[in-house]
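First the proteins, then the strands, lettered A, B, ... as listed; each starts at 1.
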Amino acid sequence: MFTLTGRDLKNVWDQFVKEDCEDSFYALYKHYYHYLSYLGTKKKMSVQRIQDSVNDVFLHLWEKKTDNQKIRNHHNYIITVFFQKLFRKETLQLTDLDFVEEIHDPSIHHSVEEQHIRAVTTNTVTQLVEEHMEQLGTKQRLVIYQRFFLDLSYQEIADANQVSIHTIYNTIYKSLEKIKNNLSSEQEIFLKVAIGLLSSFLLIFS
Amino acid sequence: MNELNLQALLLDESFVNYCKGTNKEDIQKWEKWLQKYPEHKASIAELQETIVAMGHYAGELSVQTNYDRLQSQIKKRANQHRFTEIGMAVWLKIAALLVAVGAISLFLFKQQLAEEQPKNVQHIGAPGKDDALLTLKDGSVVSLADIKNGSVVALQGGVEIQKNKDGELVYKAVEQGEAASTAVNKITTNRGNQYQIILPDGSKAFLNANSTLTYPLKFSENERHVHMTGEIYFEIAKIETGIGVGRRIPFYVETANQKIEVLGTHFNVNAYDDEPYTTTTLLEGVVRVSSKKRNESVLLKPGQRALLNEALRVENVDISQEVAWINGDFVFKGEELVSLLRKVSRWYNVDVACPERLEKLKFDGMVSRSQPLSTIIDMLQTTGKVKLTLNGRRLIVID
């Protein structure tokens with residue numbers, strides 16, 4: 001799920017601090033957006049509040065550029081500032097929180113996804129899914145993000161969105177079913193075209 | 001089990017874990033299952049691919065939306081900081097100069113004060129009024145409220161700009177062929193202001209509060225092009241090239257994220273930065289709305305509106321509510337408090353603060369925009385759902 005691991009992340013951070021590079025700023029943002037969304041939802045905070053807090057953290061990093069050089073452990077720093085913003089407590093420290101392990105190792109949730117996507121990008125499935133996702137409403141997309149990307153449980157997602165577990169489950173099911181139906185109708189068309197071609201082929205040569 | 005039961009699979013968290021490869025035990029469990037039922041291998045593989053891809057794209061879109069938001073926050077803050085970043089020494093010089101200027105002005109001002117009352121002060125909570133700033137092609141700025149109805153504002157490259165007897169700004173060519181089509185004018189309404197303008201081609205534009213429209217002094221002969229921000233209602237004049245059976249000259253309205261193509265019609269565009277969507281509502285005719293970010297466009301029919309944020313979609317809409325502001329009203333039908341407050345903030349020039357948990361409360365009602373803010377506050381409070389206090393220019397919602 002998290003595309004950067006320990007050493008890469010440190011390199012990207014250094015590049016951002018030393019060279020004031022916007023690409024590395026985006027890479028950091030992308031990585032921590034997912035990770036902080038995961039931690040925030042685990043803490044049962046609302047999505048809006050989590051997203052606002054993530055942006056506050058990065059606004060802070062962007063504006064305090066020269067101060068960033070003094071930061072020794074960027075990872076702990078980012079997470080501390082995030083929780084300070086999330087709980088609106090300026091004095092909060094990492095030790096006040098009770099899931100220290102998750103905080104120190106973002107790569108534990110690393111998955112095969114990126115490679116997988118790269119391997120199958122030309123596939124009909126991926127293309128159909130991409131089109132479908134773009135048409136979805138923000139809320140539906142969010143639920144899918146939380147379940148299939150952040151790997152949160154149905155219960156956790158229901159709590160975060162303050163709706164019933166049934167609603168969450170239904171939203172995901174409907175989306176998946178629609179893609180599946182589109183997929184089978186595409187395959188049907190493909191099959192019909194193939195049969196059509198084959199029969200005309202036979203007709204010509206018989 | 002001949003047909004896979006999608007519902008059951010989805011409900012089983014261990015299956016999703018298997019698809020995502022997040023848990024060793026679950027992977028083993030499902031691999032064993034597939035050995036037992038090899039006939040499902042293909043459909044399970046497809047399902048796995050779908051689930052992974054759904055997560056991936058949902059993640060990408062979520063990051064992108066919020067990163068875009070962050071970028072606009074950064075830009076906004078950079079503008080705010082521009083003044084504070086000037087060095088201290090410069091500040092001291094400016095301060096000294098200001099004291100000197102201030103002393104002289106105070107002296108002059110005191111002499112005038114007895115005769116004249118300040119006129120351009122908008123009282124807190126008073127409704128907005130007709131006023132705008134016009135930026136001419138040389139960059140000079142004219143405050144339109146200061147100009148009398150029926151007088152000429154400026155004469156530029158063969159075009160006369162007049163404020164007519166109804167207070168609208170009108171462009172009229174007085175010499176043929178002189179005006180350069182690259183020279184542009186810009187009209188800007190601040191919060192608490194609105195303004196009507198008749199463009200060089202006779203099209204009408206009505207600017208809501210906190211909006212801008214940039215247009216050429218003379219349109220080109222092949223197409224007409226304007227840029228806007230905020231909310232503007234357009235009535236586009238039909239113009240044809242040549243006389244009689246010529247080709248219609250298209251009119252393009254561009255916002256930050258979209259482009260609208262029209263041939264002659266009435267429509268409203270709402271493209272405020274703080275709204276979740278850029279909304280285009282069609283009253284008459286036909287328009288094509290295109291997203292700039294993606295190669296995507298839709299054709300609108302009267303009574304429909306196009307909503308654009310990431311994707312572009314069309315829905316049927318109650319026009320009376322969408323364009324009520326043109327007739328001088330606020331009309332709310334099941335409108336969320338947060339959306340209602342954004343409108344109030346622009347028209348009454350107040351900042352609003354609302355607790356997140358109340359933002360989604362829905363309200364119905366109709367009130368004239370000529371009413372003071374207190375009328376709206378009273379209306380909201382009589383519902384018993386919220387309480388509001390006005391603290392200076394800050395409208396605060398409490399429950």
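Side-chain contact between A:Asp52 and B:Arg69 is present, with heavy atoms from C-beta onward closer than 4.5 Å. For the pair A:Thr138 and B:Thr65, the minimum side-chain heavy-atom distance is 4.5 Å or more.
Contact of A:Ile172 with chain B is made through backbone and side chain together, with heavy-atom distances under 4.5 Å. No part of B:Leu312 comes within reach of chain A, as not one of its non-hydrogen atoms sits under 4.5 angstrom from that chain. For chain B, the nearby parts of A:Glu22 are the backbone and the side chain; heavy atoms of each come within less than 4.5 Å. Heavy atoms of A:Leu59 lying under 4.5 Å from chain B belong to its backbone as well as its side chain. Heavy-atom distances place no part of A:Gln140 under 4.5 Å from chain B, backbone and side chain included. Residue A:Ser175 touches chain B through both its backbone and its side chain, counting heavy-atom pairs closer than 4.5 Å. Only the side chain of B:Glu356 comes within contact range of chain A, judged by heavy atoms closer than 4.5 Å.
When the shell of 6.0 Å around NZ of B:Lys385 is examined, it contains more than 12 heavy atoms from other residues, nucleotides or ligands. Residue-environment remark: CD (A:Gln48) exceeds the threshold of 12 foreign heavy atoms within 6.0 Å. For B:Lys292, the NZ atom counts as densely surrounded, since its 6.0 Å shell holds more than 12 non-hydrogen atoms of other residues, nucleotides or ligands. Within 6.0 Å of CG on B:Asn391 lie no more than 12 heavy atoms contributed by other residues, nucleotides or ligands. Within a 6.0 Å radius of CD in B:Glu315, other residues, nucleotides and ligands contribute more than 12 heavy atoms. By the neighbour-count criterion of 12 heavy atoms within 6.0 Å, atom CG of B:Asn295 is sparsely surrounded, having that number or fewer from other residues, nucleotides or ligands. Other residues, nucleotides and ligands place no more than 12 heavy atoms under 6.0 Å from the CG atom of B:Asp273.
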Practice prompt. Check step by step if side chain to side chain contact (heavy atoms under 4.5 Å, CB included) holds for A:Tyr33 and B:Leu70.
Written response: CA-CA 12 Å; A:Tyr33 177 81; B:Leu70 175 67; over 6 Å; no

Worksheet item: What do the steps show when you test B:Ile74 against A:Phe25 for side chain to side chain contact (heavy atoms under 4.5 Å, CB included), and what is the final call?
Response: CA-CA 13 Å; B:Ile74 287 175; A:Phe25 181 66; 4.1 Å; yes

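Aromatic ring orientation, B:Tyr67 versus A:Tyr26: perpendicular (interplanar angle above 60°, classes split at 30° and 60°).
Between the side chain of A:Asn55 and the backbone N or O of B:Asn66, at least one donor-acceptor pair lies under 3.5 Å.
Between chain B and the options A:Tyr29, A:Phe58, A:Tyr145, A:Trp62, heavy-atom pairs under 4.5 Å are most frequent for A:Tyr29. In terms of heavy-atom pairs under 4.5 angstrom with chain A, the leader among B:Arg313, B:Arg294, B:Glu310 is B:Arg294. Contact count against chain B (heavy-atom pairs under 4.5 Å) is highest for A:Arg141 among A:Arg49, A:Arg141, A:Gln146. Most heavy-atom pairs under 4.5 Å with chain B, from the set A:Gln135, A:Glu130, A:His132: that is A:Glu130.
The distance from the CZ atom of A:Phe149 to the CG atom of B:Leu61 is 11.5 Å, given to the nearest 0.5 Å. Summarising the geometry, atom CG belonging to A:Leu128 is positioned 8.5 Å from atom OG1 belonging to B:Thr50; distances are rounded to the nearest 0.5 Å.
Of all the heavy atoms in A:Gln51 and B:Ser62, the pair that sits closest is NE2-OG, 4.3 Å. Nearest approach of A:Arg147 to B:Glu13, heavy atoms of both residues: NH2-OE1, 3.5 Å. When all heavy atoms of A:Ile144 and B:Ala58 are compared, the closest pair comes out as CG2-CB, 4.0 Å. The two residues B:Lys20 and A:Phe148 make their nearest non-hydrogen contact at NZ-O, 2.7 Å.
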